[in-house]
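The structure appears right after this line, and notes come after that.
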Amino acid sequence: MEQSPIDLPPVQKAVGSPVKALFNYEKVSIVADEDYLDKVKSGDPLKLQYYDGALRIFGNYLGKIVTMDGGVYHAQEISFHTPSEHKINGERFPMEMQILHVGKTVGDTAKHLILSFVFKKVPGVYNRFIDSLDFFNLPNPLDKYRDLEKELFLPNIFFTTKEEGKLI
Amino acid sequence: MKLIALITLISFFCFSIQLGKINNENSVLFNLWNNVPGMGGDDAESPNPTVSPTAKSSFDSSYSDTLVEGWLTVSNARFKDSDKYPIFTHPDGKAEILTSGDYTRINSAYKDRSPDEVGEIHRDEGSPPGRSFFYFRLNRQFLYFSETKTCVNVLGRVDWKNKVKPLSIHFMENPKCFHISENTGDTIRYCGKTHEDAKKFVCIMQTLLRVAQDDYCQGRVPDGPAIEGKPTHPPVIKPGQLVEKIITQPYILIPLAREQCNEHWDYANNGGDWKCLCKEGSL
């Protein structure tokens, strides 16, 4: 087993399996309902923040994964890496979004599980999840915090809109 | 030790147009021929398309069974696009794709012969019947062609399964010809000697693509795996024929969450059931 980040083989070499982990992501309110370490206070808005060299969103519960052996992992951090950390078939992508899950069940508490998405740049195509983060007004090393204005819904990452060019 | 499990999903949120030299007509696909039965075999004399009557039970070999074969012409305006089909220079001169005025590819293996005393033209077995005809074969993965029936050099192919997936097939105004529109942006015209020649290809390709087809095609394709492993249309069942079907019920596994550390814990046991090490990751 290699340590991440790695160069993944092409999709064609993936071995399909009908057995899958259970993914459960619901809408996350922009107001935190629980504390999370010293990063999020209950009642405060969730933030997109510049932290440790990357843009991140922290929350006590942003969704969960149940692995096939019953291990429960809660999503507690979303981070964006440009360019991507992982490669696929030698290709590095413009951006990677990692959802860090932390083990909660007995025997899994020291384990992490990362669900990772890589992005391609395509003119005129907008991702619904990325759009909800107001990507035109990002935090930076000097101004590190931006309150989220729209509730988080991670499955939106699978939806895109395409805008055709207009003649003005 | 910190264990990081990684699950990576690829989200290609795009309608990216993949142009380029995906389908190099000059390529030689020797591996393709390893699985093609009947090369220059017993049916070598038949000039018309023939339908293979058998389908093997093996998954992989089923893809390589030739479903239909015959002589067709192929026309594509991009044959003259040197970006896609570059001109090669070698010691014997330049090698390029020869076309006629309407971009129909010319078969350099064609040799015109004079009629004999009885007025018949004799050609080598398997040689093209006209200067624009190539020998096409269709299996469940490729439509591919070569200069002659016995030639092992594959000049071009349409890949049903992978990169060059045809989007649509339809007849043109000329009933001997049909179009294949590929997702590379190319629209290629194929013509048979007769409407029947072309129709045999079209019907089976429509079946493989699982698009609407006419009654003529019913029962043309042996039952078996088609594109992406999905079965083609049901085989024709004769009245009174006993059909045995094996149905395997699927198992659906839904993971059940294990107990979480100190879940629902309270003081009922005066702290006796508190798992101190659990939160530290020692269990």
Side-chain angles (χ1 to χ4, degrees), chain A residues 1-6 8 11-12 14 18-23 64-74 86 88 93 96-101 103-130 157-162, chain B residues 1-20 22 31 59-60 63 141 159-165 183 225 227-230 247-265 272-283:
Chain A
M1 183 180 289
E2 292 181 70
Q3 185 76 13
S4 286
I6 59 170
L8 292 155
V11 180
Q12 291 79 2
V19 182
K20 294 177 174 62
L22 184 71
F23 296 87
K64 74 174 175 185
I65 291 176
V66 182
T67 59
M68 285 311 298
D69 64 354
V72 178
Y73 293 78
H74 285 187
H86 294 85
I88 297 176
F93 289 82
E96 177 174 343
M97 185 179 110
Q98 295 178 352
I99 307 172
L100 174 70
H101 299 72
K104 294 294 176 185
T105 37
V106 177
D108 297 313
T109 49
K111 296 179 184 175
H112 291 171
L113 188 156
I114 295 174
L115 180 64
S116 192
F117 297 85
V118 290
F119 290 77
K120 260 187 177 178
K121 283 194 292 190
V122 180
V125 176
Y126 296 86
N127 182 267
R128 203 178 289 179
F129 179 78
I130 301 299
I157 202 164
F158 294 108
F159 295 96
T160 56
T161 53
K162 187 178 183 185
Chain B
M1 181 177 168
K2 185 178 179 183
L3 173 67
I4 296 179
L6 170 72
I7 301 172
T8 300
L9 296 177
I10 312 162
S11 55
F12 291 108
F13 305 122
C14 62
F15 299 90
S16 59
I17 300 168
Q18 297 184 356
L19 294 176
I22 293 172
N31 58 342
F59 182 82
D60 288 327
Y63 278 100
Q141 188 165 4
D159 186 344
W160 304 106
K161 277 196 71 196
N162 298 314
K163 291 176 182 172
V164 187
K165 195 170 183 178
N183 57 3
I227 296 170
E228 294 168 0
K230 294 172 184 170
I247 299 171
T248 306
Q249 295 294 342
Y251 288 97
I252 300 173
L253 301 178
I254 301 173
L256 297 176
R258 288 200 304 259
E259 178 196 6
Q260 296 190 26
C261 285
N262 299 315
E263 193 176 18
H264 308 306
W265 181 86
D273 55 348
W274 175 258
K275 296 170 184 170
C276 299
L277 298 177
C278 180
K279 286 290 184 189
E280 304 301 322
S282 301
L283 289 179

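A note on names: the letters A, B, ... follow the listed sequences, proteins ahead of strands, and every chain is numbered from 1. All values reported here derive from a predicted model rather than from experimental measurement. Just so you know, these numbers use all the heavy atoms, side chains as well, and skip hydrogens, waters and symmetry mates.
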Between CD on residue Q260(B) and NZ on residue K64(A), distance to nearest 0.5 Å: 7.0 Å
Rounded to the nearest 0.5 Å, how far apart are CE of M68(A) and CG of L256(B)? 9.0 Å
Correct closest heavy-atom pair for V66(A) and P255(B) would be O-CG, 3.7 Å
Non-neighbouring partners of E263(B) that pass side-chain hydrogen bond (donor to acceptor under 3.5 Å, both in side chains), sequence neighbours left out: none
Return the set of residues passing salt bridge (charged side-chain N to carboxylate O under 4.0 Å, His left out) with D69(A) (not counting sequence neighbours), or none when no residue passes. R258(B)
